[in-house]
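Quick caveat: nothing in here was measured; it's all calculated off a predicted structure.
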Amino acid sequence: MIIPAGIARDFTQASEAGVYNFYLGGKSWTAADKETALAVIRTSPDAQAVAKENFLFAGRAAAWAVAEFDIRQVFDIGIGIVDDVPLDLVETCVHNVRPDAVVLGFDNDEVVLARARALRTGYGRALYGDITDLDSIFNHPDLLHHPDLAGSIDFTAPAVIVLAAVLHFVDDPAVVMAGLRDRLAPGSVVVLSHATRTRTSQARIGGMTKAYEKGRSPIIFREEDDIAALADGWNLLPPALVDVQRWSPDGSYQGEVYESVRVVGMTARLPGLSQGPDHTPGGGQ
């Protein structure tokens, strides 16, 4: 793993970013990251396949939201270490459909930020931001004063917020979603995915939970109903909450659904702008 100079983090402890990088086929993980990832895979052999489908979901859903609702700014929160992953980033997927969109990556891991800045490959404008402290994101000084960003971010206009496999590391995700509602403009879209305990064996949940206890952040599996409830105050968009490998508004994306681990995803839009005839809310009133 390339570790930028000046980083003092405890590398004997696994990080979410390093474990995810291992799942996705990258090479930027530590021995501790690999140990945790392999412990998960022993319990849930499909973990790598589902992680890749989650990554693809994030890019697919963000690109759809940008194109469908004519949104020009995307905040990908919790980007992880993805510069060496053999899959298209959210940033790439968005720019494929809207080259002029501003895509910013945020993360609270100093290694993630240092790599993005040093390598300048994908998310070269990665900024510090912690999803449990939304002020660190929405009041980040670079959004106002960085020469590359001056005038390009407008919080009075809709934005796409990507929270892919982030909220299952958060104790109270409802507080995060409420904070986003307060800060975002009407018409903004959240792209969200989350590990679920629904239709997942307790043995596998226990094994994965134990594996992540060695890392910086424990993982929390939630019931599908509790994940869907995070869209309270938002308009849940079709196809509502589904396995990430089955998410597409027109039903055209039909990946294999695995039994050992499930990650579900959804998109939801803040009310206040006209939804149009094809965007009748499916929930989250």
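Between the side chain of Asp107 and the backbone N or O of Ile79, at least one donor-acceptor pair lies under 3.5 Å. Formation of a donor-acceptor pair under 3.5 Å by the Thr43 side chain with backbone atoms of Arg204 is not found in this model. Without hydrogens or angle criteria, Gln73 side chain to Val102 main chain gives no donor-acceptor distance under 3.5 Å. Although no hydrogens or angles enter the test, the distance criterion places a donor-acceptor pair under 3.5 Å between the side chain of Arg181 and the main chain of Asp232. Side-chain N or O atoms of Asp46 include none that pairs as donor or acceptor with a backbone N or O of Val261 at under 3.5 Å. Remark: side-chain polar atoms of His95 are paired, donor with acceptor, to backbone N or O of Ala101 under 3.5 angstrom. Side chain of Asp130 to main chain of Thr132: a donor-acceptor pair is present (N/O by atom type, distance under 3.5 Å, no hydrogens or angles). Within the 3.5 Å criterion, the main-chain N or O of Ala185 finds a donor-acceptor partner in the side chain of Ser188. Checking side-chain atoms of Arg269 against main-chain N and O of Val189 turns up no donor-acceptor pair under 3.5 Å. Distance alone, capped at 3.5 Å, is enough to place a donor-acceptor pair between the Asn21 side chain and the Lys27 backbone.
Linking Ile, Leu, Val, Met, Phe, Trp and Tyr whenever their side-chain heavy atoms come within less than 4.5 Å leaves Leu134 and Leu113 in two separate clusters. Ile220 and Tyr212 sit in two unconnected hydrophobic clusters of ILVMFWY residues. Membership requires side-chain heavy atoms under 4.5 Å apart, directly or through other members. Linking Ile, Leu, Val, Met, Phe, Trp and Tyr whenever their side-chain heavy atoms come within less than 4.5 Å leaves Met208 and Val257 in two separate clusters. Residues Val40 and Leu38 are members of one and the same hydrophobic cluster, defined by side-chain heavy-atom contacts under 4.5 angstrom among Ile, Leu, Val, Met, Phe, Trp and Tyr. Side-chain heavy atoms closer than 4.5 Å link hydrophobic residues (I, L, V, M, F, W, Y) into clusters, and following such links, possibly through other members, connects Leu87 to Tyr253.
The side chain to side chain donor-acceptor pair (under 3.5 Å) with Thr198 is formed by just one residue from the set Arg222, Glu223, Glu224; it is Glu223. When each of Ile137, Val191, Leu184, Asp76 is tested with Ile161 by the rule side chain to side chain contact (heavy atoms under 4.5 Å, CB included), just one qualifies, namely Leu184.
Here salt bridge (Lys or Arg N to Asp or Glu O under 4.0 Å) pairs that include residues 54-63, with residues two or more places apart or in two chains, number zero.
In this structure, the side chains of Ile153 and His140 stay at 4.5 Å or more apart for every pair of heavy atoms. Within the 4.5 Å cutoff, side-chain heavy atoms of Arg98 are placed close to those of Asp70. Within the 4.5 Å cutoff, the side chain of Pro249 has heavy atoms near those of the Trp64 side chain. Using a 4.5 Å cut-off on side-chain heavy atoms (C-beta onward), Val190 and Leu230 make no contact. In this structure, Thr267 and Trp247 have side chains that are in contact, with non-hydrogen atoms separated by less than 4.5 Å. Residues Glu256 and Gln245 are not in side-chain contact: their nearest non-hydrogen atoms beyond the backbone lie 4.5 Å or more apart. Contact check for Val263 versus His194: no side-chain heavy atoms found under the 4.5 Å cut-off. Side-chain atoms of Phe75 and Leu127, non-hydrogen and from C-beta on, never get closer than 4.5 Å to each other.
The aromatic rings of Phe155 and Phe138 lie tilted to each other, with the angle between the two planes from 30° to 60°. Below 30°, between 30° and 60°, or above 60°: for Phe55 and Tyr20 the angle between ring planes is between 30° and 60°, a tilted geometry.
Remark: Glu91 CD to Asn96 CG distance equals 10.5 Å, nearest 0.5 Å. Distance check: Asn54 CG to Leu24 CG gives 8.5 Å after rounding to the nearest 0.5 Å. Atom CZ of Arg246 sits about 14.0 Å away from atom CG of Leu241, to the nearest 0.5 Å. Put simply, OG on Ser44 and CD1 on Ile205 are 9.0 Å apart, with the number rounded to the nearest 0.5 Å. The CD1 atom of Ile131 sits 9.0 Å away from atom CE of Met177, with the distance rounded to the nearest 0.5 Å.
Closest non-hydrogen pair, Ala14 versus Thr36, comes out as CB-OG1, 3.3 Å. Listed here is the closest heavy atom pair of Tyr128 and Asn108: CE1-CA, 3.6 Å. For Met266 against Ile227, the heavy-atom pair with the smallest separation is CE-O, 3.3 Å. Residues Ser193 and Phe57 share a closest heavy-atom pair of CB-CE2, 3.7 Å. What you find for Ser28 and Ile81 is that their closest heavy atoms are CB-CG2, 3.5 Å. Pairing each heavy atom of Ala17 with each of Asp109, the nearest pair is CB-OD2, 4.2 Å.
Side-chain N/O atoms of Asp154 and Thr156 include a donor and acceptor closer than 3.5 Å.
Checked for salt-bridge contact, Asp135 and Arg183 meet the test: a charged N lies under 4.0 Å from a carboxylate O.
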